Amino acid sequence: MSGSATHPFYDMHTHGFVRLATSTPKVRTADIAYNAEGILETAHKAHAQHVDLLLYPELALSSYAIDDLHMQLALLDAVEAQVEAIIAASRELSPVLVFGAPLRRNGRIYNCALVVARGELLGVVPKSFLPNYREYYEKRWFAHGRECVGLTIRCGAREVPFGTDLIFAADDLPGFTFGIEICEDFWAPNPPGTMAALAGATILLNLSASNIVIGKSDERHLLSRASSSRSVCAYAYSASGHGESTTDLAWDGQGMIYELGDLMAESVRFDLAPELCVTDIDTQRILSERMRMQTFNDAAEAAGRPEDWYRRIAFERAAPRADIGLNRPIRRFPFVPNRADKLDEDCYEAFNIQVDALMRRIQATRPKSLTIGISGGLDSTHALIVAAKAMDRLGRPRSDIHGYTLPGFATSDDTKSNAWRLMEAFGITAEEIDISPTARLMLENIGHAFADGEPVYDTTFENVQAGLRTDYLFRLAGQNGGWVIGTGDLSELALGWCTYGVGDQMSHYAVNSGVPKTLIQYLIRWTTQTAQFDAGVDAVLTDILATEISPELVPAGEDGAIQSTESIIGPYELNDFFLHHIIRWGQKPSHVAFLSWHAWKQADAGLWPIDFPEKSKNEYDLATIAAWLEKFLKRFFGYSQFKRSAIPNGPKVSAGGALSPRGDWRAPSDAVADTWVAELAAALPPLDGD
């Protein structure tokens, strides 16, 4: 699928993405024509890769490390001549080019960023802060631009906007708005890029020279990440590379791009060949975060509403509408830790957030015991792991945990066996109560057809069992002088996949309510892979992970097939992906579908969690994604909020969000899903079966 005739859904620009690149072009000290040629060479490569915005290093046209040559008139004339050549060549290029050059104005030389698009010089931004310490002597040659506001500059025959009060915005792509700062500017306590972001720029560009010394790469990462996070934007950084003068300094050509604190792409350092570092920026994600983060908007007001006085320089995006793919790291499992160097730390935090919260509740209420239902499934297993750790840390015996397995009409021997093995492995007080006789009596009392021998397995049939299990647990908790630990997770709350009231929706403390199913699976798998418990416990946990997720409320069919949760509500890995992008970022369903398709369409490409089992690596086509997403929208927005509005207390675990009505998510229980379903349907291309 490619070409301009492609359905708009497949074009990333439809969904607010901007293809951003940093460039480390070839450079030769003070050879202006050679450097201009290098700028255009990488510009053509970026054009071939459908780049929208291309960033070059500081003073890329003249070279940075040329000292007093900056004040040579022959060099400055050559710079202006080559600026004209670059402008002329840009007419046939799609990227907006942002490169550095020294320019003269009113008897001063400024260290500038020039913005060129489709044969036009849009504007020039001067450097605000000039380093003049240790190896830097910029004040010897340049004037600072901090007070340059509302000005123009003549470059060749053109008079164009000049100043630090410029942001550049694409008329035909909302969100494609960028501001500029130059090298030392973001080492300043008050970087000018912050003001540009407050004025509306979603992307900040830093043209840098920045010689390399030991540890400086880490410092650049620190500042770039902080800038993208603090200013709620994407931040691109491009430093000078091989070819600069090494009289007293060296250069590594580092390029990097961050988005909201996430590293999206990074160049190879010390590369001798010209390099492009390319990624696609989600401007809708950025704007959504600004809408949610009132501190950002308060800061804009406190700064005097810079959007009112910044000059907004308009341009038209040149790239045609087409399927150009999506060049961006997408986490298939956005709730799951994905940093190899931080894996143990992230898992430790997720686990101990739950443990610490449960400990505090135990300390506050001083129960004689804790009651938990053990099904042999993922959720109750993880809740038991958390409870056992909490009791260990409080110095209480695990026998104070009363675990009950409560088999019903469809409980399999495997899950019941796993439940017993698990309780025995942890050394808790374990009992079994068969709820089938009581459930049969209740069904008989209410006149349900199952009591007359008919194979009617409707919602009532299921809820009788789910409700009885919770009823037993509450009565047992009272009898034992304690309270019930909830086992339901975030994914089930999102989908309404729980029985309301007297059912698994209710407990005294819902320790798993902030943890989605995919994270629970990963945390359990992590415990087995890192020997958190003994071999006996690990063996049980491995068997539980291998068991198909099922509520086990409906007896197996004649073919032996058991009731499958994911065949009814959809794969949890997709539902958790949908959930993250909808509750954390408020993305439109079509945007979520586009991301999902690129994340899941090819199992052998993209990012998987560390040590994720090969046999579990699935892929989905767009038709499948769209079908499950529609079901998710109906369940999440249409008829499950009333369950979330009445959930018990439980800790938030992930920055991705939680669904407590006292925390991240507040919504009416009587809303409808029509708006979201309609948006998805209108945006999708024709799919198989349409």
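Numbers here are sequence positions counted from 1. From a predicted model like this one, the values you see are computed outputs, not experimental measurements. Quick note: numbers below take in every heavy atom, side chains included, and nothing from hydrogens, waters or symmetry partners.
A donor-acceptor pair under 3.5 Å is absent between the side-chain atoms of Arg108 and the main chain of Phe142, judged by distance alone. Proximity of a side-chain donor or acceptor of Glu138 to a complementary backbone N or O of Leu130 within less than 3.5 Å is not detected. At least one donor-acceptor pair closer than 3.5 Å links the side chain of Ser654 to the backbone N or O of Gly656.
Around the NZ atom of Lys216, the shell of radius 6.0 Å holds more than 12 heavy atoms that belong to other residues, nucleotides or ligands. Around CD of Glu619, the count of heavy atoms belonging to other residues, nucleotides or ligands within 6.0 Å exceeds 12. Other residues, nucleotides and ligands contribute only 12 or fewer heavy atoms inside 6.0 Å of the CZ atom of Arg225.
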Chi angles and distances behind the side chain to side chain donor-acceptor pair (under 3.5 Å) call for His15, Gln587: CA-CA 10 Å; His15 308 282; Gln587 300 285 23; over 6 Å; no
Please step through side-chain contact (heavy atoms from CB on, under 4.5 Å) for the pair Asn206 and Ile182, ending with a clear verdict. CA-CA 5 Å; Asn206 188 308; Ile182 302 174; 5.6 Å; no
Would Leu53 and Val98 satisfy side-chain contact (heavy atoms from CB on, under 4.5 Å), going step by step from the backbone distance to the final call? CA-CA 8 Å; Leu53 178 60; Val98 182; 4.0 Å; yes
Applying ring pair (Phe, Tyr, Trp, His ring centres under 6.0 Å), run through Trp597 and Tyr10 and close with a yes or a no. CA-CA 10 Å; Trp597 180 57; Tyr10 296 109; 5.2 Å; yes
Could you please spell out the steps behind the side-chain contact (heavy atoms from CB on, under 4.5 Å) verdict for Met195 and Tyr310? CA-CA 9 Å; Met195 193 67 75; Tyr310 256 70; 3.6 Å; yes
Could you walk me through whether Ser63 and Glu244 pass side chain to side chain donor-acceptor pair (under 3.5 Å), step by step? CA-CA 6 Å; Ser63 329; Glu244 285 283 356; 4.7 Å; no
Kindly indicate, with the supporting measurements, whether the criterion side-chain contact (heavy atoms from CB on, under 4.5 Å) is fulfilled by Thr29 and Ile66. CA-CA 7 Å; Thr29 308; Ile66 58 174; 3.6 Å; yes
Does Asn35 form a side chain to side chain donor-acceptor pair (under 3.5 Å) with Glu37? I'd like the steps, not just the answer. CA-CA 5 Å; Asn35 296 343; Glu37 181 181 297; over 6 Å; no
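Pro102 is listed as a side-chain neighbour of Leu59, based on a closest heavy-atom distance under 4.5 Å. Looking at Phe9 and Leu622, their side chains come closer than 4.5 Å, going by heavy atoms from C-beta outward. You'll find the side chain of Thr24 stays beyond 4.5 Å of the side chain of Pro274, heavy atoms only.
Salt-bridge annotation for Glu120 and Arg91: absent, with no side-chain N of the basic residue lying under 4.0 Å from a carboxylate O of the acidic one. A salt bridge is absent between Glu289 and Arg285: the closest approach of a Lys/Arg side-chain nitrogen to an acidic carboxylate oxygen does not fall below 4.0 angstrom. A salt bridge is absent between Arg118 and Glu316; no separation between the charged side-chain nitrogens and carboxylate oxygens falls under 4.0 Å. The residues Lys634 and Glu630 are annotated as salt-bridged, a charged nitrogen and a carboxylate oxygen being separated by less than 4.0 angstrom.
Judged by a 6.0 Å distance limit and a 45° cone about the ring axis, Arg28 is positioned over the six-membered ring of Tyr34.
Taking each heavy atom of Gly586 and Arg292 in turn, the nearest pair found is CA-NH2, 3.1 Å. Minimum heavy-atom separation, Gly304 to Trp309: O-NE1, 3.6 Å. Between Thr14 and Pro8, the closest heavy-atom pair is OG1-O, 2.7 Å. Residue Ala43 comes nearest to Leu54 through the heavy atom pair CA-CD2, 3.7 Å, listed as atom of the first residue, atom of the second, then distance. Considering all non-hydrogen atoms of both residues, Pro609 and Val336 come closest at CB-CG1, 3.9 Å. Residue Met256 comes nearest to Ser224 through the heavy atom pair SD-OG, 3.7 Å, listed as atom of the first residue, atom of the second, then distance.
Residues Ser590 and Glu679 bring a donor and an acceptor atom of their side chains to less than 3.5 Å of each other. With 3.5 Å as the limit, one finds no donor-acceptor pair spanning the side chains of Thr22 and Ser238. In the model, Asp298 has no side-chain atom that pairs as donor or acceptor with a side-chain atom of Thr295 under 3.5 Å. Checked by atom type, the side-chain pair Tyr258/Ser229 shows no donor-acceptor distance below 3.5 Å. No hydrogens or angles considered: nothing links the side chains of Glu573 and Asn575 as a donor-acceptor pair under 3.5 Å. For Asn211 and Tyr136, the side-chain atoms include at least one donor-acceptor pair closer than 3.5 Å.
Within the structure, the salt bridge (Lys or Arg N to Asp or Glu O under 4.0 Å) test picks out the following pairs touching residues 164-191 (sequence neighbours left out): Asp165-Arg311. Residue pairs meeting the ring-ring contact (aromatic ring centres under 6.0 Å, His included) criterion with at least one member in residues 167-189, sequence neighbours excluded, are Phe168-Phe178, Phe176-Phe315, Phe186-Tyr235, Phe186-Tyr237.
Trp141 and Tyr110 have their aromatic ring centers separated by at least 6.0 angstrom. Between Trp608 and Trp600, the ring center distance clears the sub-6.0 Å criterion. Between His580 and Phe335, the distance separating the two ring centers is shorter than 6.0 angstrom. Between His242 and Phe270, the distance separating the two ring centers is not shorter than 6.0 angstrom.
Only one option out of Asp280, Asp52, Asp11 pairs with Arg19 in a salt bridge (charged side-chain N to carboxylate O under 4.0 Å, His left out); it is Asp280.
Relative orientation of the His591 and Phe17 rings is parallel, given thresholds of 30° and 60° on the angle between their planes.
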